[in-house]
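Values reported hereafter were calculated over all heavy atoms of this structure, with side chains retained and with hydrogens, waters and symmetry mates removed. Each residue takes its place number in the sequence, starting with 1. Computed from a prediction, not measured in an experiment: that's the story for all the values here.
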Amino acid sequence: AAIRIGRWKLVRKYPDAWELYDIEQDRTECNNLAEHDPERVKEMSDRYEAWANRCGVIPREVILEWMKSRK
């Protein structure tokens with residue numbers, strides 16, 4: 001999951017927590033700023049979730065459970 005707003009990029013690899021990067025200062029995404037800017041993480045993750053809900057994105061945990069049930 002990812003969202004980019006201006007210089008900020010928020011990414012998450014399931015099931016890990018969100019990571020926040022200032023891609024103007026850190027193009028290689030080595031310095032996770034999520035701990036230092038929890039308000040930005042909240043704002044951006046809320047925007048991602050609103051987009052995902054509007055577009056019908058199925059949460060990864062739901063997909064994994066569905067795949068288990070088909071075996």
Side-chain angles (χ1 to χ4, degrees):
I3 182 172
R4 180 176 171 192
I5 301 172
R7 69 189 296 161
W8 299 102
K9 182 176 178 185
L10 190 71
V11 296
R12 179 181 64 193
K13 182 177 179 184
Y14 178 85
D16 298 336
W18 286 106
E19 298 176 5
L20 177 67
Y21 299 99
D22 177 348
I23 57 174
E24 285 184 10
Q25 299 295 316
D26 180 19
R27 293 183 61 80
T28 57
E29 300 177 10
C30 293
N31 188 21
N32 179 4
L33 301 172
E35 260 184 40
H36 304 290
D37 201 347
E39 290 179 24
R40 187 178 311 276
V41 171
K42 172 82 169 102
E43 174 191 336
M44 292 178 72
S45 64
D46 286 351
R47 287 181 69 175
Y48 171 83
E49 292 301 330
W51 168 84
N53 288 334
R54 186 176 72 247
C55 294
V57 174
I58 301 169
R60 182 164 175 89
E61 57 272 16
V62 172
I63 293 170
L64 292 174
E65 286 301 316
W66 179 78
M67 289 174 66
K68 284 181 190 176
S69 71
R70 294 190 45 111
K71 290 183 179 181

**Asked** Atom CG in N31, atom CD in E19: separation rounded to 0.5 Å?
**Response** 11.0 Å
**Asked** For the atom pair NZ (K68) and CD1 (I63), what is the distance rounded to the nearest 0.5 Å?
**Response** 13.5 Å
Do any side-chain atoms of residues 41-50 form donor-acceptor pairs under 3.5 angstrom with protein atoms, and if so which ones, sequence neighbours left out?
from: K42; atom 1: NZ; to: D46; atom 2: OD1; distance (Å): 3.1
from: K42; atom 1: NZ; to: D46; atom 2: OD2; distance (Å): 2.8
from: S45; atom 1: OG; to: V41; atom 2: O; distance (Å): 2.9
from: S45; atom 1: OG; to: K42; atom 2: O; distance (Å): 3.1

**Fill in**
The side chain to side chain donor-acceptor pair (under 3.5 Å) partners of R4 (sequence neighbours excluded) come to none
**Message:** Suppose we screen for side chain to side chain donor-acceptor pair (under 3.5 Å). Which residues come up paired with E65, at least two apart in sequence or across chains?
**Reply:** none
**Asked** What's in the same ILVMFWY side-chain cluster as Y21, cut-off under 4.5 Å, chained through other members?
**Response** V11, I23
**Item:** All side-chain contact (heavy atoms from CB on, under 4.5 Å) counterparts of P59, not counting sequence neighbours
**Value:** E61, V62
**With sequence neighbours excluded, residues passing salt bridge (Lys or Arg N to Asp or Glu O under 4.0 Å) with D26** = none
**Request:** Flag yes if W51 and W8 sit in one hydrophobic cluster, no otherwise; membership is Ile, Leu, Val, Met, Phe, Trp, Tyr, and two members link when side-chain heavy atoms are under 4.5 Å apart.
**Result:** yes
**Complete:** N32 meets the side chain to side chain donor-acceptor pair (under 3.5 Å) criterion, sequence neighbours left out, with none
**Asked** Looking at residues at least two apart in the chain, or sitting in another chain, which of them share a salt bridge (Lys or Arg N to Asp or Glu O under 4.0 Å) with R7?
**Response** D22, E24
**Whichever hydrophobic residues join Y14 through chains of side-chain contacts under 4.5 Å** = L64
